[in-house]
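Okay, so here's the structure we're looking at.
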2 protein chains.
Amino acid sequence: METIKLAMADDEALFLNGLKSILEQEEQLNILFTASDGQSFLEQLKVAEQFPDVMILDLRMKGMDGIETTQQVKELFPEAKIMILSSHYRDTFLGYMLKLGVNAFLPKNSAPDQLIKAIEKVHEKGLYFDEGQMMSIHHELSSGKKPKVPQMEQSTELTRREVEILQLICEQYTNPEIADKLFISVRTVDGHRTNLLQKTGAKNTAGLVLYALYHQMIDWEERLLKFGISSKED
Amino acid sequence: METIKLAMADDEALFLNGLKSILEQEEQLNILFTASDGQSFLEQLKVAEQFPDVMILDLRMKGMDGIETTQQVKELFPEAKIMILSSHYRDTFLGYMLKLGVNAFLPKNSAPDQLIKAIEKVHEKGLYFDEGQMMSIHHELSSGKKPKVPQMEQSTELTRREVEILQLICEQYTNPEIADKLFISVRTVDGHRTNLLQKTGAKNTAGLVLYALYHQMIDWEERLLKFGISSKED
DNA sequence: ATAAAAACGGGTGATTTCACCTGTTTTACT
DNA sequence: AGTAAAACAGGTGAAATCACCCGTTTTTAT
């Protein structure tokens, strides 16, 4: 049996090493290199003496994420076979993936066997989607609505001050409170907020929060756990 | 060398299996069982013929999360040694962890060696925090501000309708738009929103979005990727 | 040094959110 | 059948957001 050469990227070291450990136990699989983000993955790919048969990328990574990395890799090596792993899996997102040229799309709570099977299929046939995914794809295509062309905008288009304001918005501060905190006028905060809405394409505060979260501009846990914790003594 | 009996829970099958694969390679470690959420972890723990020396829990899990699970476990077995793993690690959260009785708190992008070392330390000394964490803890305690008693509120205190409203809020709809969508009065939506704010303890829309995200009431990726994707053809 | 970008901020007004009040109807439970 | 909870919805008013207008000062880069 032919060996399959792999390369993978994920920003969670434990996950990456765990995956590596699982895949190393398969004799037909050979891991060439791993990376903790898209940038270093790309760099390693460029200088690698052997080209991986299949690449496994995490969808969400700090810095360059799975989508952007896929685009960059496909630009340099259109024949590259890329599998995307995602924590919060949704079928509705398959269309984008296909257009992007992703060769497989798997949720992170797949069983190891599924992953290995998918790797083999991608290597052999150049593509792997399970039956449910196929159905979903078929439905999406036959319904006539063409999937939009995925394209990442630079996530650092925001100025330092705007990011600061955005963070405070996510901390549930109102404009007057932010103005007070930063010793500036409410008008200025309002101006920044307007610019944020315009730049991010968000419709309102809810959109801004989602944007901030996606671009990992705020401290998840710290903020979120305020909801899980009721302070009995205050 | 004595073997250390382990049990672990994580809702991402690949991560869980990866971790298992890593730890299985250590001869001194013996994995008794694994679970995909807090509930089944607890049930397995109750009926297990051997009691694990160290338990490893994911902080964020669907259903019962790491914190709630810790509380339940500690209630039944106060001597249980629990390690919490977290994706988005923050030092500021250490205080809560200590109060909760967590015996170690590690980011998910730790190296496998670190994790193994931590497991051993927890088993031997009943506790493991690295130097940075110790400093942080010391600082927090010496600064006089006592960490609040962490206590999970039931996350399903919201009614069906409230959840529905909350989801639409997260989709950036305004109250009038939601009212229109659901064929109800704006007043009613407003009422639900008020109840949401009261029940969740959120201050405003930003807070509601964070709450929804923490309790995994909305489809992450699907919604977030609207920001990453610019539809060139529309 | 000069131009560009960012930060600053004032005015106005429509819309939305939020915080109170009040009540009725529907649904669920036992 | 009776109670409780949920969903429904009206009024009022203050506060905040959002969308436009306008300009000045400060910072940054070439």
Side-chain angles (χ1 to χ4, degrees), chain A residues 153-215 217-218 223-224 226-227 230 234, chain B residues 153-215 217-218 223 226-227 230:
Chain A
E153 347 188 1
Q154 63 274 32
S155 58
T156 42
E157 59 185 1
L158 302 184
T159 66
R160 234 170 302 148
R161 198 56 155 177
E162 282 165 349
V163 171
E164 200 178 354
I165 302 280
L166 181 52
Q167 285 172 336
L168 291 170
I169 289 171
C170 291
E171 290 182 50
Q172 307 189 52
Y173 291 113
T174 64
N175 284 0
E177 285 170 343
I178 294 170
D180 206 50
K181 242 178 163 36
L182 302 179
F183 306 107
I184 56 178
S185 157
V186 186
R187 296 266 150 249
T188 307
V189 178
D190 194 50
H192 286 307
R193 196 178 198 125
T194 303
N195 291 335
L196 280 167
L197 288 174
Q198 191 262 311
K199 284 188 181 177
T200 62
K203 268 190 65 185
N204 53 30
T205 308
L208 289 178
V209 174
L210 292 176
Y211 180 92
L213 278 165
Y214 183 66
H215 292 287
M217 287 171 168
I218 68 172
R223 205 130 303 148
L224 293 177
K226 286 178 184 164
F227 291 115
S230 65
D234 245 309
Chain B
E153 348 189 359
Q154 63 272 35
S155 58
T156 41
E157 59 186 0
L158 302 184
T159 66
R160 234 171 301 148
R161 199 56 156 178
E162 282 166 349
V163 171
E164 199 178 354
I165 302 282
L166 181 51
Q167 284 171 338
L168 290 169
I169 289 171
C170 291
E171 288 182 51
Q172 306 190 53
Y173 291 112
T174 64
N175 284 359
E177 285 169 342
I178 294 169
D180 207 50
K181 242 178 163 37
L182 301 180
F183 306 107
I184 56 179
S185 158
V186 186
R187 295 269 149 245
T188 307
V189 179
D190 194 48
H192 287 307
R193 198 180 195 124
T194 304
N195 292 337
L196 280 167
L197 288 174
Q198 190 262 311
K199 283 187 181 177
T200 62
K203 268 189 65 185
N204 54 31
T205 308
L208 289 178
V209 174
L210 293 176
Y211 180 91
L213 280 163
Y214 182 66
H215 293 286
M217 287 171 167
I218 69 172
R223 204 131 302 145
K226 286 179 184 165
F227 292 114
S230 66

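Values below: all heavy atoms of this structure, side chains included; hydrogens, waters and symmetry mates excluded. Chain letters run A, B, ... following the sequence lines, proteins first and then strands; every chain starts at 1.
Checking side-chain atoms of B:Gln172 against main-chain N and O of A:Lys203 turns up a donor-acceptor pair under 3.5 Å. In this structure, the side chain of B:Glu171 does not engage the main chain of B:Leu168 through any donor-acceptor pair within 3.5 Å.
Atom CG of B:Asn195 is separated from atom P of D:dC8 by 12 Å (rounded to the nearest Å). Rounded to an integer number of Å, the gap from CG of B:Asp180 to P of D:dA9 is 13 Å. One atom, CD1 of A:Ile178, and another, P of D:dA15, lie 18 Å apart when rounded to the nearest Å. Regarding B:Glu162, its CD atom lies at a distance of 14 Å from the P atom of D:dA5, rounded to whole Å. The distance between atom OH of A:Tyr173 and atom C1' of D:dA15, rounded to the nearest whole Å, is 19 Å. B:Arg193 places its CZ atom 11 Å from the C1' atom of D:dT17, with the value rounded to the nearest Å. Regarding A:Leu196, its CG atom lies at a distance of 13 Å from the C1' atom of D:dT17, rounded to whole Å. Atom-to-atom, CZ of A:Arg161 to P of D:dT25 comes out at 19 Å; the value is rounded to the nearest Å.
No side-chain heavy atom of B:Asn204 sits less than 4.5 Å from a side-chain heavy atom of A:Tyr173. Within the 4.5 Å cutoff, no side-chain heavy atoms of B:Leu210 are placed close to those of B:Thr200. With contacts defined as side-chain heavy-atom distances shorter than 4.5 Å, the pair A:Ile165/A:Leu182 qualifies. In this structure, the side chains of A:His192 and A:Leu166 stay at 4.5 Å or more apart for every pair of heavy atoms. Side-chain contact between B:Thr194 and B:Lys199 is absent, with no heavy atoms from C-beta onward closer than 4.5 Å.
A:Ile184 approaches A:Arg161 most closely through the heavy-atom pair CG2-NH2, 3.7 Å. In terms of heavy atoms, A:Val189 sits closest to A:Asn175 at CG1-OD1, 3.6 Å. Closest of all the heavy-atom pairs between A:Ile178 and A:Ile169 is CD1-CG1, 3.9 Å.
Taking 4.0 angstrom as the limit, A:Asn175 places none of its side-chain polar atoms (N or O) nearer than this to OP1 or OP2 of D:dA16. For A:Thr205, no side-chain nitrogen or oxygen approaches OP1 or OP2 of D:dT17 to under 4.0 Å. When the side-chain nitrogen and oxygen atoms of B:Arg160 are compared with OP1 and OP2 of D:dA6, none of them lie within a distance under 4.0 Å.
Remark: B:Asp190 in residues 182-190 of chain B come within less than 4.0 Å of DNA chain C through at least one heavy atom.
Of all nucleotides in DNA chain C having an atom under 4.0 Å from a heavy atom of chain A, the first and last in 5' to 3' order are C:dA6 to C:dT12.
Heavy-atom neighbours of B:Lys181 NZ from other residues, nucleotides or ligands within 6.0 Å: at or below the threshold of 12.
Axis deviation across the helix from C:dA1-D:dT30 to C:dA28-D:dT3 amounts to 70°, comparing end segments of five pairs, rounded to 10 degrees.
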